[in-house]
Peer 1: 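Can you read through this structure? Questions will come right after.
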Amino acid sequence: MRTLEQVPNLVAMFFARAAERGERPFLWHRAGGSWQATGWTEAARQVASLAAGLRALGLAPGDRVMLVGENRPEWCISDLAIMAAGCVTVPTYVTNTERDHRHVIEDSGASAIIVSTAKLARTLLPAAIGTGRTIAIIGIDAMPAQADGPDVHDWRGLIAAHPAEPAECAAAASLGRGDPACIIYTSGTGGAPRGVVQHHGAILHNLAGAGAIVIEDISGNDENVFLSILPLSHAYEHTAGQFLPIGLGSQIYYADGLEKLAATIEEVRPTLMVVVPRLCEVLRTRIVKAIDKQGGLPARLLASALDLGAKVDEGRLSWRDWPKRLLVGAVLKPRIAKRFGGRLNGMVCGGAPLNPEVGRFFQSLGITLLQGYGQTETGPVIACNRPAAGIAMDTVGPPLMDTEVRIADDGEILVRGELVMHGYWRNEAETARVLRDGWLHTGDIGAFDAAGRLRITDRKKDLLVNDKGENVAPQKVEGMLTLQPEIAQAMIAGDRRPYMVALLVPDPEWEAAHAGTDPAARQAGLAAAVDRVNKELSVTERVRRFILADEPFTIANQQMTPSLKIRRHILREVYGERLDALYRS
């Protein structure tokens, strides 16, 4: 993928791949109960024509265009068309409130908005009208009639009215690697979202490094099929789930939703999946429960597979283990592979720290799981495990090629290279705070192991410091808690306190199975789960007391980000008094 070092912009990369791939399928979506494809040539035609339509609406180079929609072919085409018109994409989460949308519109100064559905427009349009600015609205699906407010243009009508040749559009795209490609507003685990300006070179740098891992370590030159699951408005999916497949000339299938994920995986049979730790935890739980229900030989084989995996990880595998290894490889691993479609070469996990035990679980079952690390401010990938370098589940692997990473005196991870953003949008103070002497100060704490793989300890700002001055990394403890069958979600607290306490969400299946039992018995069951975890923790890390959440942490109630990380500041607002009371009673 080193050829990408010479590519001037993402638009040129797309049109070059489209010319090479021709009529082959590119973007897949489900319609009428079956999967339908948009080919590379057709996608290129739509991108060129929509870019012409945007210019006809009066959009000029450098103008910002908001993009609000679920994962679908039109999202990808719109994103590319915005850039092909010389404009800057501003991806926005479909879960945003009217207030969120208004903040992004006003902060970015968006001149136009592409929105996918009438349902999403109901939240978006009042936000746009409330700014008092003239903003062009473009609806992908049919939009509701407006008695007043902005005119709404038809997405397909714009394409039909402005036919354009892909080759001419590609030639006219004069963007350089340093020009802004998109402004991605970090969903944030705390505070107001900031606009990260990602330039074309930052994403292309990511693609070169990540593409080398895919080609050299995962799938060789095979045809790749990606399953797009995570929100495209998130930097991780935007780069790794959209532009990486484009750079590789791969196919992209758009998942219907998380509730149908298992069935979709079996149908689509992806070769690569971009995931976050929470999805890995959910998939692990489903596999364990399915095998436990079968009992007998499958349950014994799972236990054997995990035992073998631990021995491999610790270098204790001996010739005596080979019969067991052959049986697991012949019986269990093919069944697991079938659950993932039968041709999965690997899953790449990022967006938040992965509990090493979850990673070892998948590795033990023959599923390659590569943990990566990055930030929106770095395009976003900084490092990723590679099989050729030896996978260590407690690390995020070596830095991508042409990426400089060093550890500051206080343990903070610093990054330098083309992947680093040039700054936050219209926020010089924050830019100056994190970009110093050419280095991005990530706010994460870490170290390199002897093999040059990066290990993340925790977020600098998330570290809990007890009343004795001892540090506790909350994500480690929370990850261990959620691996217990009784616990679905967890957040610990204890900053400047004598010990750690926790907020727990019980596993719904476990809770349903114990619905008829005494509440005290259910509480005892959860306490037993916490005690099991505490045995593996230091005295400082142990959870002494806990309370139960009123409801699960979700994106809808603002307690999780769209990339499924918990929003600590929101949870503290809701449960702070009850958590504080644990120290008084």
Side-chain angles (χ1 to χ4, degrees), residues 8-15 18 27 38 41-69 72-92 101 104-105 108-117 120-121 124-125 127-128 131 133-143 146 149-176 179-184 195 197-200 203 232-233 238 242-243 246 425:
N9 57 64
L10 295 165
V11 176
M13 179 188 74
F14 164 70
F15 281 123
L27 306 174
T38 300
T41 297
E42 174 59 19
R45 184 194 68 80
Q46 291 185 27
V47 168
S49 299
L50 182 57
L54 294 175
R55 287 192 292 268
L57 290 178
L59 293 173
D63 282 352
R64 278 74 62 202
V65 180
M66 262 178 68
L67 179 51
V68 188
R72 56 193 287 180
E74 295 89 346
W75 203 105
C76 178
I77 289 166
S78 297
D79 188 24
L80 288 162
I82 292 166
M83 296 180 191
C87 299
V88 179
T89 304
V90 183
T92 309
H101 280 316
V104 175
I105 294 169
S108 69
S111 300
I113 302 172
I114 298 177
V115 57
S116 63
T117 66
L120 293 176
L124 178 69
L125 288 176
T131 66
R133 299 174 56 247
T134 301
I135 301 171
I137 308 294
I138 302 158
I140 295 175
D141 293 347
M143 292 290 120
Q146 297 288 314
D151 291 334
V152 178
H153 305 272
D154 178 63
W155 189 87
R156 290 172 179 79
L158 276 179
I159 291 174
H162 302 88
E165 288 296 322
E168 294 177 6
C169 184
S174 58
L175 297 161
D179 288 325
C182 54
I183 302 173
I184 296 185
V197 184
Q198 290 187 346
H199 50 286
H200 286 263
I203 297 175
L232 278 164
S233 44
H238 190 233
Q242 175 174 287
F243 282 112
I246 291 172
W425 178 254

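Remember, predicted model here, so these are calculated numbers, not experimental data. Basis for what follows: all heavy atoms, side chains included, without hydrogens, waters or symmetry-related copies.
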Peer 1: Of all residues at least two apart in sequence or in a different chain, which pass the side-chain hydrogen bond (donor to acceptor under 3.5 Å, both in side chains) check with N9?
Peer 2: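 For N9 there are no side-chain hydrogen bond (donor to acceptor under 3.5 Å, both in side chains) partners, ignoring immediate neighbours.
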Peer 1: With sequence neighbours left out, what residues match D141 under salt bridge (charged side-chain N to carboxylate O under 4.0 Å, His left out)?
Peer 2: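 So D141 forms a salt bridge (charged side-chain N to carboxylate O under 4.0 Å, His left out) with R72.
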Peer 1: Just so I know, are the side chains of C182 and L67 near enough to count as touching, which here means a heavy-atom distance under 4.5 Å?
Peer 2: no
Peer 1: Grab the two heavy atoms, one from L10 and one from A181, that are nearest each other, plus how far apart they are.
Peer 2: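 Answer, listing the atom of L10 first, then A181: CD1-CB, 4.1 Å.
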Peer 1: Within this structure, what is the CZ-CD1 distance for the pair R64 and I82, rounded to the nearest 0.5 Å?
Peer 2: 12.5 Å
Peer 1: Less than 4.5 Å apart, any side-chain heavy atom of M66 and any of L124?
Peer 2: yes
Peer 1: If the condition is side-chain hydrogen bond (donor to acceptor under 3.5 Å, both in side chains), which residues does S116 pass it with, not counting sequence neighbours?
Peer 2: E70
Peer 1: Would you compute the distance between atom CD1 of I113 and atom NE2 of H101 and round it to the nearest 0.5 angstrom?
Peer 2: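 If I round to the nearest 0.5 Å, the distance is 8.5 Å.
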Peer 1: How long is the gap from CG on L80 to CE on M13, to the nearest 0.5 Å?
Peer 2: 8.0 Å
Peer 1: Which residues satisfy the salt bridge (charged side-chain N to carboxylate O under 4.0 Å, His left out) test with R45, sequence neighbours excluded?
Peer 2: E42
Peer 1: Using 0.5 Å steps for rounding, measure from the CG atom of L232 to the OG1 atom of T89.
Peer 2: 11.5 Å
Peer 1: Which pair of non-hydrogen atoms, one from P163 and one from A160, has the smallest distance, and what is that distance?
Peer 2: CD-O, 3.6 Å
Peer 1: Could you tell me which non-hydrogen atom of W155 sits nearest to which non-hydrogen atom of I138, and how far apart they are?
Peer 2: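 Closest approach of W155 to I138, heavy atoms only: CA-CG2, 3.8 Å.
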Peer 1: Please find the pair of heavy atoms, one from V11 and one from A173, that lie closest to each other, and give the distance.
Peer 2: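 Looking at all heavy atoms of both residues, the closest pair is CG1-CB, 3.9 Å.
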Peer 1: If you look at every heavy atom in A51 and A81, which pair is closest and at what distance?
Peer 2: CB-O, 3.6 Å
Peer 1: SG/C87 to CG/L175 distance, rounded to the nearest 0.5 angstrom?
Peer 2: 9.5 Å
Peer 1: Let me know which of V88, L57, L59, I135 forms a side-chain contact (heavy atoms from CB on, under 4.5 Å) with V65.
Peer 2: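 Exactly one option meets the side-chain contact (heavy atoms from CB on, under 4.5 Å) with V65, and it is L59.
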Peer 1: Compare every heavy atom of A84 with every heavy atom of V47, then report the nearest pair and how far apart it is.
Peer 2: CG1-CB, 4.3 Å
Peer 1: Restricting to salt bridge (charged side-chain N to carboxylate O under 4.0 Å, His left out), what partner residues turn up for R133, sequence neighbours left out?
Peer 2: none
Peer 1: Look only at the side chain of T131 and the backbone of A128, and say whether a donor-acceptor pair between them is shorter than 3.5 Å.
Peer 2: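 Answer holds: yes.
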Peer 1: Supply the atom-to-atom distance D63 CG to L54 CG, rounded to the nearest 0.5 angstrom.
Peer 2: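 Here the interatomic distance stands at 10.0 Å.
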Peer 1: Can you list everything that forms a side-chain hydrogen bond (donor to acceptor under 3.5 Å, both in side chains) with W75? Sequence neighbours excluded, please.
Peer 2: none
Peer 1: Please examine the side chains of R156 and I140, heavy atoms only from C-beta on, and report whether any two atoms are closer than 4.5 Å.
Peer 2: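 Result yes, sub-4.5 Å side-chain heavy-atom pair found.
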